[in-house]
Student: 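I am attaching a structure below and will ask some questions about it afterwards.
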Amino acid sequence: MIMIKTEDYPLSRVPQDKRVSFFSVAIVYMGALTSLDQFMLGAVLGNSMTLTDAFTALFVASIIFCVVTYGLGMAGMREGVSGSLLARWCGFGRLGAALVGVVVAVSLLGWFGIQNAIFAKSLDFALGQKLGFNLAAILSGSLLTILVAFGFKALRIAARIAVPMFILLVAYISFKILTGHNMSDISQLTAAGDTLSTSAGITIVMGGAIMASLVTPDLTRYSKNGKHVLGVIFIGIIVGKCAVNGLAILIAKTLGTADVVSIMSQAVGVTGLLVVVFSTLKVNDLNLYCSSLGIVNVVEGLTGKKLKYLSTTLVIGGLGTTLSVLGILDRFVDFLTVMGIVLPPIIGIMLTDYYVLRSHRKILDMSRLEGKLPDETQTPVIGWVAIITSIVGSIVGVMVEWGIPTINSLLAASLIYWLCKVAVNRNQKPVESEKAI
């Protein structure tokens, strides 16, 4: 299998002769959607909703996720560029795309804090709670930051092995806990935690996966054709994400808890907790690496200054560890809700610009024939309309109580952006005609 390196071709198209097989892209994408955070998300749904409402939220959110992710994935395959780079010609411009990068980097920083908190909680439990959560969080966050900053490859390899082990562990726990329980009995169980509505459930499912939509072009730019993109997304979402979410819903409902550490300790004891600890290494390795790299690229794009990767990683790792100590894990649902409202407008605007308005499609098509990207003169500096409407879309998602917040923010931003761009284009044409006369 050919290895995919997402850091390759950061500011250029992936050549056709560098595209890889369907399986190569699919296995990476599926791995990203079958991680600990998806199990945590499913556990929250199972513990806070009825079984019917939980699976309804999962189904509806997955459909939305499939549609928007396929749109971005196809654009990434067609243009051969990453999502952050594609944003330059999908409404946001060069500086606007850098601001999108800031949002992504901050989101990944939040995920680092959450995953590190799970790491610390599992580690402390496995050691008989001798360290205490705060000390465990500081130690685990510091250790991982050093690993990422200085590149200890051996432990990264171990972490990659731990992810498949985690998937096998979930399968084993599912079999062990669910054997002897039928669906009718489980469906009768009430929510043990704070109750979530179906619309809130849909929003947090989107919040837990929406980052994957934004970075899907980073992987599908290596795909050879549209059929491969469709297959990659179908396998990743249906076989990967939905399976992990669904099993976690059933397990949490049966045990009456959303606490991953409690679930693992009850099912398989300390061995299971150690697998959780090592699986978080891989996820947080990516979170911290991508967040640090994103900040370095953003600062360079906005100011021209090149930050040192090592010092940036140490600072961001310190911030993420601080979030863990301050209790970001306790705000997991709130974090997912914010993600499910703030990020969809960005995706909606990119899809509207690329497929409906087609503002820069001709420029992209012409440069693609040459295997290049549009030059600086063909790239807008900043897309104020996209930035403002993405903020408006987020406000709509927060303020409007009717409907589903994540859909409200997505549709509002897309529609307002389309109307504003149409109005701007109409006003510009008469002016251009007068100049010609």
Side-chain angles (χ1 to χ4, degrees), residues 35-37 39-41 43-44 104-160 162-163 165-166 208 211 257-265 269-296 307-336 338-339:
S35 55
L36 177 64
D37 54 356
F39 188 86
M40 292 166 56
L41 172 58
V44 169
V104 172
V106 171
S107 301
L108 291 172
L109 176 62
W111 275 117
F112 176 87
I114 288 172
Q115 297 281 0
N116 185 59
I118 290 291
F119 186 120
K121 195 172 181 180
S122 302
L123 181 63
D124 186 40
F125 191 96
L127 296 176
Q129 299 180 331
K130 295 178 180 179
L131 290 177
F133 173 76
N134 288 347
L135 180 56
I138 293 172
L139 290 175
S140 60
S142 301
L143 172 64
L144 185 59
T145 300
I146 292 172
L147 291 179
V148 175
F150 292 97
F152 290 102
K153 294 183 178 180
L155 283 180
R156 290 189 182 183
I157 293 172
R160 290 188 178 98
V163 173
M165 287 176 60
F166 177 75
M211 185 61 66
T257 180
D259 190 335
V260 172
V261 175
S262 295
I263 291 173
M264 297 298 173
S265 61
V270 175
T271 302
L273 292 178
L274 291 177
V275 173
V276 171
V277 166
F278 281 104
S279 66
T280 56
L281 274 177
K282 171 57 181 173
V283 177
N284 254 358
D285 175 25
L286 289 174
N287 286 336
L288 185 55
Y289 171 78
C290 293
S291 183
S292 301
L293 196 61
I295 292 297
V296 170
L307 295 178
K308 292 184 178 180
Y309 172 75
L310 176 61
S311 57
T312 303
T313 301
L314 293 175
V315 171
I316 292 178
L319 291 174
T321 302
T322 301
L323 288 176
S324 300
V325 175
L326 292 177
I328 189 174
L329 183 60
D330 297 331
R331 313 298 299 181
F332 183 53
V333 173
D334 296 331
F335 175 77
L336 293 181
V338 171
M339 293 297 97

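The first residue in the sequence is number 1, and the count goes up from there.
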Student: Mind checking the CD1-CH2 spacing from Ile328 to Trp111? Nearest 0.5 Å is all I need.
Tutor: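 One finds 9.5 Å between CD1 of Ile328 and CH2 of Trp111.
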Student: Hey, does Ile263 have a side-chain heavy atom less than 4.5 Å from the side chain of Phe39?
Tutor: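 Heavy-atom side-chain distance check passes, below 4.5 Å.
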Student: Specify the closest pair of heavy atoms between Val325 and Ala137, including all atoms of both residues, with the distance to one decimal.
Tutor: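 Smallest heavy-atom distance, with atoms named: CG2-CB, 4.0 Å.
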Student: Distance check, rounded to the nearest 0.5 Å: Leu314 atom CG versus Thr145 atom OG1?
Tutor: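 So the gap between those two atoms works out to 7.0 Å.
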Student: Side-chain atoms of residues 122-133: list all donor-acceptor pairs with protein atoms under 3.5 Å, sequence neighbours left out, distances to 0.1 Å.
Tutor:
{"unit_1": "Ser122", "atom_1": "OG", "unit_2": "Ile118", "atom_2": "O", "d": "2.9"}
{"unit_1": "Asp124", "atom_1": "OD1", "unit_2": "Leu131", "atom_2": "N", "d": "3.3"}
{"unit_1": "Asp124", "atom_1": "OD1", "unit_2": "Gly132", "atom_2": "N", "d": "3.0"}

Student: Got a second to check how far Leu139's CG is from Phe119's CZ, nearest 0.5 Å?
Tutor: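 Rounded to the nearest 0.5 Å, the CG-CZ separation comes to 9.5 Å.
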Student: Looking at every non-hydrogen atom in both residues, tell me the closest pair between Phe112 and Leu144 and how far apart they are.
Tutor: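 Taking Phe112 first and Leu144 second, the nearest heavy atoms are CE1-CD2, 3.6 Å.
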Student: Could you tell me the separation between the OG atom of Ser140 and the CG atom of Leu135, rounded to the nearest 0.5 Å?
Tutor: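 Reported value, rounded in 0.5 Å steps: 9.5 Å.
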Student: How close do Ser324 and Ala117 get, counting heavy atoms only, and between which atoms?
Tutor: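 Result for this residue pair: OG-N, 3.7 Å.
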Student: How many angstroms lie between CD1 in Ile114 and CE in Met40, if you round to the nearest 0.5 Å?
Tutor: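 Going from the CD1 atom of Ile114 to the CE atom of Met40 covers 6.0 Å.
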Student: To the nearest 0.5 Å, what is the distance between CG on Asn116 and CG on Leu143?
Tutor: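 Going from the CG atom of Asn116 to the CG atom of Leu143 covers 9.5 Å.
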Student: Less than 4.5 Å apart, side chain to side chain, heavy atoms only: is that true for Ile316 and Ile295?
Tutor: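 They are in contact (side-chain heavy atoms under 4.5 Å apart), so the answer is yes.
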Student: Considering all heavy atoms of both residues, which atom of Ala258 and which atom of Ala43 are nearest to each other, and what is their separation?
Tutor: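 Minimum heavy-atom separation between Ala258 and Ala43: CB-O, 3.5 Å.
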